[in-house]
Amino acid sequence: MKIALVTGGSRGIGRAICTKLAFMRFHVIINYHNNENEALVTLENVNKSGSSGELLKFDVGNSVEVENALENWQKTNPDKYIQVLVNNAGIRKDALIIWMDNNSWNDVINTNLNGFFYTTRFLIKNMIVNKFGRIINIVSLSGLKGLPGQVNYSAAKGAIIAATKALAQEVGKKKITVNAIAPGFISTDMTADLDQQQLKSMIPLNRFGTPEEVAELAGFLASENSSYITGEVISINGGLYT
Ligand code: NDP
């Protein structure tokens, strides 16, 4: 059975990706930060999909926690390796730059960008040894276009897009693909404070997307069927930005 790790799998887009990968018969490692109850709901979905899963709690922005959690998992599962990594965990702390404090800048860069780095650096070693892997980075429309009030978040997501392209070139010969998904507005806890009625008028498809729609794309990129796609950023935004 192939194994996938989804960071931030307890809610929103991450939960939908865990469920999709379970339908595809992956054993799913569900990472979360604080919200164990929600992570358990994801695990229930995974089990109901006829596959198996487990929870793995760590803060993606804390390199020691990431290394310890993943090393322990590897020690408990010495004959296995994680073929698919979905770097999905993310936060936003919006403010216009003149009012943006250091914490809002540092926290967003740390969770989104450093989280991608710590987790990927650890797991890619075994992908290289085994000459197969899929890395899928959940970025954002903000990282492509930039959005006002999100200089921190746009910087983090834009940096992951550049890193996706660089890493794809580094590891292509080892049959590891590295791609990014850039969602527009998706209905999750992260966007619960936004005015959907007002924003949807800007979106050609006239609605927010669902986590399941993003998960379909992630499932394709995780599959063998996407074997000749690497270094790409694929938008899923209802036509908001093309
Ligand atoms: P949610 O706020 O619904 O969920 C965030 C998830 O990330 C939770 O599972 C949370 O865990 C986890 N998480 C947050 N911080 C950490 C951390 N330090 N370590 C580990 N896990 C962490 O977000 P979405 O589902 O909306 O977003 C998922 C991804 O998609 C993010 O990268 C986001 O930037 C991106 N995105 C979202 C868009 C949207 O419109 N929703 C648009 C574009 C991109 P816990 O439950 O434990 O807190």
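Every number for a ligand or one of its atoms is a count from 1 in the order of the listing. The structure displayed is predicted, hence computed values, not measured ones.
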Do any nitrogen or oxygen atoms of Val60 lie less than 3.5 angstrom from nitrogen or oxygen atoms of ligand 1? yes

The atoms of ligand 1 lying under 4.0 Å from a heavy atom of Thr191, numbered in the order shown, are 39 (C), 40 (O), 41 (N)

Check if Val139 has a non-hydrogen atom at a distance under 4.0 Å from any atom of ligand 1.
-> yes

Contact region, Asn31 to ligand 1, non-hydrogen atoms below 4.0 Å, reads side chain

Val6 vs Leu21 side-chain heavy atoms within contact, under 4.5 Å: yes

field: Sub-4.0 Å heavy-atom contact, Tyr153 with ligand 1
entry: yes

Notebook entry, point to check: Counting only N and O atoms by type, is there a donor-acceptor contact under 3.5 Å from the side chain of Gln74 to the main-chain atoms of Asn77?
Noted result: yes

The protein heavy atom nearest to atom 12 (C) of ligand 1 is Gly8 CA, 3.5 Å

Quick check: Ile13 and ligand 1, any N/O pair under 3.5 Å apart?
yes

Check: of Gly61, Pro183, Gly143, Gly90, min heavy-atom distance to atom 43 (C) of ligand 1 comes from Pro183

Between Thr7 and Asn88, is there a donor-acceptor pair closer than 3.5 Å when you use the side chain of the first and the backbone of the second? yes

From the list Thr119, Val129, Ile176, side chain to side chain contact (heavy atoms under 4.5 Å, CB included) with Ile124 holds only for Ile176

Next on the checklist: Can you confirm whether Lys125 sits close enough to Ile128 that some side-chain heavy atom of one is under 4.5 Å from a side-chain heavy atom of the other?
Outcome noted: no

Within 4.0 Å of some non-hydrogen atom of Gly12, the atoms of ligand 1 are 3 (O), 25 (O)

Just by distance, no angles: are the side chains of Ser104 and Asp101 close enough, under 3.5 Å, to form a donor-acceptor pair?
yes

Return a table of donor-acceptor pairs under 3.5 angstrom between the side chains of residues 133-143 and protein atoms on other chains or two or more places apart.
from   : atom 1 : to     : atom 2 : distance (Å)
Arg134 : NE     : Leu221 : O      : 3.2
Arg134 : NE     : Ser223 : O      : 3.1
Arg134 : NH1    : Thr177 : OG1    : 3.3
Arg134 : NH2    : Ser223 : O      : 3.1
Asn137 : OD1    : Asn87  : ND2    : 2.9
Asn137 : ND2    : Thr164 : OG1    : 3.0
Ser140 : OG     : Ser142 : N      : 2.9
Ser140 : OG     : Ser142 : OG     : 3.4
Ser142 : OG     : Gln150 : OE1    : 2.6

| Hey, does Asn112 come in under 3.5 Å of ligand 1, counting only N/O atoms on both sides? | no

protein heavy-atom neighbour closest to atom 16 (C) of ligand 1 works out as His33 CB, 3.7 Å

Quick look: Asp189 vs ligand 1, heavy-atom contacts under 4.0 Å, and the answer is both

protein heavy-atom neighbour closest to atom 30 (O) of ligand 1 works out as Ile138 CG2, 3.3 Å

Per-atom filter on ligand 1: closer than 4.0 angstrom to a heavy atom of Phe185 are 40 (O)

For residues 79-86, run the donor-acceptor check on the side chains, cut-off 3.5 Å, and write out each pair with its distance to 0.1 Å, sequence neighbours left out.
from  : atom 1 : to     : atom 2 : distance (Å)
Tyr81 : OH     : Phe132 : O      : 3.0
Gln83 : OE1    : Ile3   : N      : 2.8

Ligand 1 atoms nearer than 4.0 angstrom to some heavy atom of Ile91 are 14 (C), 15 (N)

Exercise. For residues Leu5 and Leu70, determine if any side-chain heavy atom of one lies less than 4.5 Å from a side-chain heavy atom of the other.
Key: yes

Pairs of nitrogen or oxygen atoms closer than 3.5 Å, one from Ile186 and one from ligand 1: do any exist? yes

| Do Asn35 and Arg11 touch side chain to side chain, with heavy atoms closer than 4.5 Å? | yes

re atom 26 (O) of ligand 1, the protein heavy-atom contact at minimum distance is Thr188 OG1, 2.5 Å

Is the shortest side-chain N to carboxylate O distance from Asp193 to Arg92 below 4.0 Å? yes

Could you check whether any heavy atom of Lys57 sits closer than 4.0 Å to an atom of ligand 1, since that is the contact criterion I want to use? no

In ligand 1, the atoms that come under 4.0 Å of a heavy atom of Phe58 are 19 (N), 20 (C)

- Query: Short N/O distance, under 3.5 Å, between Arg11 and ligand 1?
  - Reply: yes

Exercise for review: State whether the shortest distance between N or O atoms of Tyr32 and N or O atoms of ligand 1 falls below 3.5 angstrom.
Suggested key: no

query = Does the side chain of Arg25 come within less than 4.5 Å of Lys2's, by heavy atoms?
reply = no

among protein heavy atoms, the one nearest atom 23 (O) of ligand 1 is Met190 CB, 3.7 Å

task: Please examine the side chains of Phe208 and Ile186, heavy atoms only from C-beta on, and report whether any two atoms are closer than 4.5 Å.
output: no

Logged contact type for Glu38 with ligand 1, heavy-atom cut-off 4.0 Å, is neither

Any heavy-atom pair between the side chains of Asn152 and Asn112 that's under 4.5 Å? no

of all protein heavy atoms, closest to atom 13 (N) of ligand 1 is Ala89 CB, 4.0 Å

*asked:* Can you confirm whether Asn102 is buried at CG, in the sense that more than 12 heavy atoms of other residues, nucleotides or ligands lie under 6.0 Å from that atom?
replied: no

### Message
Is there a polar contact, in the sense of an N or O pair closer than 3.5 Å, between Ser10 and ligand 1?
### Response
yes

Practice item. Considering only NZ, NE, NH1 and NH2 on the basic side and carboxylate oxygens on the acidic side, decide whether Glu213 and Lys20 come within less than 4.0 Å. Key: no

**Prompt:** Does the side chain of Asn45 reach to within under 4.5 Å of the side chain of Arg15, using non-hydrogen atoms?
**Reply:** yes

Note: heavy atom closest to atom 18 (N) of ligand 1, options Asp59, Asp107, Val86, belongs to Asp59

Note: heavy atom closest to atom 29 (C) of ligand 1, options Asn88, Val66, Thr111, belongs to Asn88

of all protein heavy atoms, closest to atom 47 (O) of ligand 1 is Asn34 N, 2.7 Å

| query | Would you say ligand 1 has an N or O under 3.5 Å from any N or O of Gly184? | reply | yes

For Asn35, the atoms of ligand 1 under 4.0 Å from one of its heavy atoms are 45 (P), 46 (O), 47 (O)

